[in-house]
Structure formats: structure tokens, C-alpha cells
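For reference, the structure discussed in these notes is given below.
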2 protein chains.
Amino acid sequence: MKSSRTAKLELRMLEKSPDLKTHQWVYQLLRNNLLCGRIEPGKALTIRGLAGELDVSPMPIREALHRLACEGAVEVKDNRRVIVPAMTAAKFNELCDLRILLETHAAAKALPYIKERDIDRLELLDKQIDAAIVVGNIEEISLINQDFHRSLYRTNPAQVSVPLIESLWLQLGPFSRIAISKLEKAYLVDRHQEAIAALKQKDAKALKQAIEADIRDGIASINSIEGIHDYFHSNN
Amino acid sequence: MKSSRTAKLELRMLEKSPDLKTHQWVYQLLRNNLLCGRIEPGKALTIRGLAGELDVSPMPIREALHRLACEGAVEVKDNRRVIVPAMTAAKFNELCDLRILLETHAAAKALPYIKERDIDRLELLDKQIDAAIVVGNIEEISLINQDFHRSLYRTNPAQVSVPLIESLWLQLGPFSRIAISKLEKAYLVDRHQEAIAALKQKDAKALKQAIEADIRDGIASINSIEGIHDYFHSNN
DNA sequence: ACGCGAGCAATGTGATCACAATGTTCCGAT
DNA sequence: ATCGGAACATTGTGATCACATTGCTCGCGT
């Protein structure tokens with residue numbers, strides 16, 4: 001079995017805009033690659049390795065990795081090795097439960113602040129997702145889908161839950177990719193239309209149901225995959 | 001009005017055990033001081049200033065501050081100034097709602113794993129809190145109280161919500177201290193006894209009610225303070 | 001041939017330095 | 001006296017280096 005620990009990682013690059021600090025650029029780059037599953041669980045990341053890969057000094061890599069660690073995206077072992085944590089069945093269920101709990105809450109709290117303009121943006125994002133589904137660009141789907149949810153929750157100006165939710169995404173990201181890559185065809189469906197309809201009607205209950213259904217559908221499609229349980233680690 | 005931005009900060013020190021990395025020591029030290037409200041909202045923190053204060057190089061301070069920033073404990077302004085964010089009324093409510101949402105969930109998820117040993121530990125912590133209340137050591141109360149909650153939630157081995165909850169505590173900490181310091185006497189009461197009773201009876205519903213009541217009591221005592229609203233900032 | 005220990009390579013940490021950007025102060029022009 | 005700008009001080013960032021610890025490999029002894 002080829003060890004994924006040492007496998008060469010092929011990062012999806014990201015143009016570095018000059019107003020972005022180097023460590024922010026590294027963070028966003030690694031984050032995107034984790035979210036769309038480009039970096040597999042168990043993969044070991046080294047500061048100097050990434051520094052050479054991205055052609056920057058080790059310093060910004062350190063900061064980015066530490067931030068990812070405190071968001072739960074990577075784990076710093078006692079050996080000081082930094083790895084993408086493996087997924088446990090119990091942990092997966094716990095993360096999904098928390099997603100539903102936090103995201104339905106965040107959606108309901110955002111509802112009163114939704115303006116016409118926000119709905120337009122959400123509909124645009126939904127169309128972009130559909131387009132990405134047609135061409136089967138899974139990484140694109142994943143990133144835009146998160147944009148959809150984030151845009152919704154962030155319309156609440158006093159919102160503090162999005163960072164927590166993003167932490168959950170980061171922890172689910174690497175594993176989800178493995179799961180989705182096992183899917184034959186993108187029979188990916190989402191409940192975004194139902195969510196948008198609920199937004200237009202200012203119906204909090206329907207909105208929460210749509211969000212919960214959207215999340216549960218994703219979980220269900222993962223659970224339906226043949227042999228998915230082999231990808232869970234039994235011990236920590 | 002004396003600006004708290006430039007006021008000298010008197011940190012509660014923490015002995016540095018040798019097996020602890022310097023940046024971890026700095027992090028825990030700053031974290032404790034934030035949690036018990038020793039560092040007030042609006043306070044500006046500088047890397048070099050803290051480095052001189054704690055007599056370490058700026059490097060570990062940088063890492064600790066960045067970690068605190070990603071947990072929401074401090075905010076990095078676009079000027080690159082790092083400050084303890086001011087509290088908004090809406091934000092305060094949102095944080096409290098999330099505490100109830102997440103902590104009742106975490107408590108219920110922990111319930112099946114509770115052993116006799118865990119209950120003993122919780123009872124010990126509750127006694128320590130009572131002792132701290134008697135002598136009126138508010139900082140001690142705050143820290144042990146968090147230990148109580150953390151110990152409860154962490155008995156769930158697959159638990160992933162504690163980091164999220166701690167982030168909420170960190171954001172509420174500096175403000176709560178201002179509020180509690182306004183309290184004449186520590187008429188502080190907690191619902192820990194009710195929670196422990198629910199644990200013994202394996203009663204999830206009663207446990208969630210106890211946790212929610214415990215949190216709500218804290219909020220109520222803050223809201224009851226005369227002129228507390230003057231401490232909320234209206235704009236961001 | 002197998003196990004084990006020494007030496008080497010690689011890693012994270014922390015310190016120091018250079019630099020660009022920002023904040024502050026103080027003096028002069030109006 | 002007030003406003004504005006220039007000079008200075010302070011800050012965060014990133015690069016480089018030294019060091020202790022860990023992982024790994026090669027070779028010696030049985």
C-alpha cells in the first residue's frame with residue numbers, strides 16, 4: 001500500500017495578491033486545499049517542505065500551520081509532527097451533529113437581516129454550483145457551496161458562529177473528499193432552492209429544515225458509499 | 001477618562017514548567033488573564049511590549065497572539081494593531097445563545113460516558129468553587145468554573161465541541177469580568193449540584209436544563225447590574 | 001541473517017536582524 | 001493659535017541562523 005504520508009502533494013495554487021501578507025496567502029492556500037480534500041488525512045506536513053514547495057521562508061508557513069492547528073484542520077502530534085488527522089466514525093457523527101446544530105441556528109439568526117441583494121447573491125452562487133456540477137468539478141462545487149452557506153450566515157452583522165462553523169468544515173473537508181471521490185457520478189443534489197424559497201418567505205422553520213436537509217443529504221450520500229467504513233480509523 | 005488602551009497591565013503570572021514550549025506558556029498565560037478578565041476590552045497588545053514584559057523573544061508572543069486571534073480572543077485590526085475586541089449587546093446575546101446551544105449539546109453527548117470517577121472529580125471542582133466564593137476570589141471562581149464545564153464535556157471521547165466552546169468563553173471573558181466586578185457581593189450561585197444530580201440519574205433532559213440554567217443565571221446576574229449597558233459599544 | 005546502537009539527516013523552536021508600514025510628535029507656516 | 005507636514009519612534013512581518021530533539025539509516029556484533 002502506498003503510504004499517503006509521504007506521497008507528493010499537488011497543491012492547487014492561488015495567485016498571491018500583493019496586499020495579502022505572505023502568511024495569509026499560505027493559510028488560504030492550504031485551507032482551500034484541505035477543504036476540497038486535496039490534502040488527504042494522514043498526510044504529514046512539514047514546515048521546511050512546504051516552504052520549499054511554495055518558495056517562501058519557513059516563517060509564514062509556521063504561522064499558517066499553527067492557525068490551521070488551532071482550527072482543528074491539522075493536528076500537532078507530541079513528536080512535533082504535523083499531520084492531517086484521521087477521521088473516526090464517532091468523530092464524523094459528532095461533527096455532522098454540530099454542523100446541523102450550528103448552521104440551522106446561524107441561518108435562523110441571519111434570516112431577519114436578509115435583503116433582496118443577499119438573495120440575489122445566493123441565487124447566483126447556486127447557479128454557479130449547478131454549472132460546476134454539470135462539468136463535474138468537485139473541488140469547485142465544494143468551495144462555492146461553502147461560499148453559499150457562509151454568505152447566508154454572515155448577513156447577520158452580530159454573527160460569531162461562522163468561525164466555529166468553518167472549523168467544522170475544515171475538519172470534515174479532507175475526509176469528505178475521499179468519500180465524494182468514491183461517488184460514481186455527481187448525483188449531488190442540494191436543498192439550496194428550498195432554502196432560498198424559505199428566505200423569500202421569511203420562514204425560519206422552513207429555512208432551518210432546508211439547511212438541515214442540505215447537510216443530511218451530504219451525509220447520506222457519503223454513508224451510501226460502498227465500503228466507506230474502511231476509511232474510518234478505529235483508534236486514535 | 002483614563003484610557004485603558006495604554007494602561008499598564010498587571011498579568012497574573014504562571015510558572016513555566018520546562019516541558020512546556022515557550023509559546024504555549026505565553027498562550028496559556030494570556031489566555032488565563034483574558035478569561036478572568038485581567039485584560040480589559042479595548043486594551044491594545046503589542047508583541048514587543050509583551051516580549052519585554054514576559055522576558056522572552058518576540059517570536060513566541062507572535063504565535064500566542066495569532067492563536068488567540070484565530071480563537072476570537074483578540075482582534076487584529078487592519079492597522080495591524082492587536083486589541084481585545086469591545087463587546088456589543090447583539091454580540092453578547094449571540095455568544096450567550098451559542099453557549100447554551102453548544103454546551104447543552106456537549107453535556108448530553110457526554111452523559112453516556114460519565115463514570116463514577118468523573119462525578120467525583122466534578123464534585124471536587126464544585127467544592128473548590130464554593131471555597132473560592134467564600135473568600136471572594138473571582139478570578140479563581142472563573143477559572144475553576146470553566147474547569148468544571150470542560151471536564152464534563154470532555155468525558156465524551158469523540159468530542160469536538162470543547163474547542164468551539166472555549167472560543168466562546170474567550171470572547172465573553174474580558175467583558176464578564178467587568179460585569180462581575182460591578183457586583184456588590186458575590187451572590188454567585190451555580191446549578192452544578194443540579195447538573196451532578198442529573199448525571200447520577202443519567203437524565204439527559206435534566207442535565208441540559210441544569211446547564212442552560214447555569215449559563216442563564218450568569219447572564220441574568222450580568223444583566224441585573226445597574227448601568228451595565230454603558231459598557232456595550234454601539235458601533236463596531 | 002537478524003537485532004541493535006551509533007552517527008547522520010531532518011524537524012520545530014526560538015533568537016536576532018532588516019525592512020516596510022504605521023503611529024506619534026514637534027516645529028514651522030499661515 | 002491652528003493646521004499640516006516632516007522627522008522620528010514603534011510596530012508587525014519575514015528571512016536567516018543556532019540549537020535541541022526526533023526520525024532514520026547504515027554498519028557492527030552476535
Side-chain angles (χ1 to χ4, degrees), chain A residues 2-9 14-31 39 42-71 73-85, chain B residues 2-9 14-31 39 42-71 73-85:
Chain A
K2 193 183 69 172
S3 169
S4 66
R5 248 198 7 254
T6 58
K8 184 72 168 56
L9 47 76
L14 190 75
E15 79 286 1
K16 178 184 181 305
S17 70
D19 60 337
L20 214 61
K21 309 278 181 194
T22 308
H23 68 94
Q24 294 171 343
W25 172 68
V26 174
Y27 168 75
Q28 290 186 9
L29 190 147
L30 290 178
R31 176 176 200 279
I39 306 176
K43 175 72 189 173
L45 300 175
T46 63
I47 293 179
R48 283 176 169 88
L50 288 172
E53 197 81 28
L54 300 178
D55 199 50
V56 296
S57 117
M59 194 67 54
I61 310 280
R62 267 165 72 174
E63 303 198 3
L65 279 183
H66 281 139
R67 178 164 177 192
L68 289 170
C70 107
E71 290 177 307
V74 301
E75 189 180 348
V76 181
K77 308 292 289 187
D78 49 354
N79 332 337
R80 334 185 274 189
R81 290 297 276 269
V82 175
I83 67 165
V84 181
Chain B
K2 194 183 70 171
S3 169
S4 66
R5 248 196 10 253
T6 56
K8 184 72 167 53
L9 47 76
L14 190 73
E15 77 287 4
K16 178 184 181 304
S17 70
D19 60 338
L20 214 61
K21 309 278 181 194
T22 307
H23 68 93
Q24 294 171 344
W25 171 68
V26 174
Y27 168 76
Q28 290 186 8
L29 190 146
L30 290 178
R31 180 196 147 83
I39 307 176
K43 175 74 189 172
L45 300 174
T46 62
I47 292 179
R48 282 175 170 88
L50 289 172
E53 197 81 28
L54 301 178
D55 198 50
V56 295
S57 119
M59 194 68 54
I61 309 281
R62 265 165 74 174
E63 303 197 3
L65 278 183
H66 282 138
R67 177 164 178 193
L68 289 170
C70 108
E71 290 176 307
V74 301
E75 189 180 347
V76 180
K77 309 292 288 186
D78 49 353
N79 332 336
R80 332 185 277 187
R81 287 299 271 271
V82 175
I83 66 164
V84 182

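Naming convention: chains lettered A, B, ... in sequence-line order (proteins, then strands); numbering from 1 in each chain.
- Atom NE2 of A/His66 sits about 14.5 Å away from atom OH of A/Tyr27, to the nearest 0.5 Å.
- In this structure, A/Ile83 atom CD1 and C/dG12 atom C1' are separated by 16 Å, rounded to whole Å.
- Of all nucleotides listed (C/dG12, C/dA15, D/dT13), D/dT13 comes nearest to the side chain of B/Ile47.
- A/Asp55 is linked by a side chain to side chain donor-acceptor pair (under 3.5 Å) to nothing, counting only residues two or more places apart in sequence or in another chain.
- Remark: A/His66 is not in phosphate contact with C/dG12, judged by side-chain N or O atoms under 4.0 Å from OP1 or OP2.
- With DNA chain D read from its 5' end, the first of the two nearest nucleotides for A/Pro58 and B/Val76 is the one closest to B/Val76.
- On a pure distance criterion of 3.5 Å, a polar donor-acceptor pair joins the side chain of A/Arg62 and the base of C/dG14.
- Among the candidates B/Ile47, B/Thr46, B/Leu45, B/Thr22, the single residue satisfying the side-chain contact (heavy atoms from CB on, under 4.5 Å) test with B/Ile61 is B/Ile47.
- Within the 4.5 Å cutoff, no side-chain heavy atoms of B/Lys77 are placed close to those of B/Val82.
- Side-chain proximity of A/Thr46 to the nucleotides D/dG12, C/dG14, C/dG12 is greatest for C/dG12.
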Kindly give the atom pairs (protein nitrogen or oxygen, nucleotide nitrogen or oxygen) under 3.5 Å for nucleotides 19-21 of chain D.
{"unit_1": "D/dT21", "atom_1": "O2", "unit_2": "A/Arg80", "atom_2": "NH2", "d": "2.7"}

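- A heavy atom lying under 4.0 Å from DNA chain D marks none of the residues of residues 19-29 of chain B.
- Taken from SG in B/Cys70 to CG in A/Leu68, the straight-line distance is 9.0 Å, to the nearest 0.5 Å.
- Look at A/Ser57 and you'll find a side-chain N or O under 4.0 angstrom from OP1 or OP2 of D/dA15.
- When the nucleotides C/dG23, D/dT16, D/dG12 are ranked by their closest atom to the side chain of B/Arg81, C/dG23 comes out on top.
- Rounding to the nearest 0.5 angstrom, the gap separating the CD atom in A/Gln24 from the CZ atom in A/Arg67 is 7.5 Å.
- A straight line from CG of B/Asp78 to C1' of D/dT11 spans 14 Å, rounded to a whole angstrom.
- Atom-to-atom distance recorded for A/Arg62:CZ and A/Arg48:CZ is 9.5 Å, nearest 0.5 angstrom.
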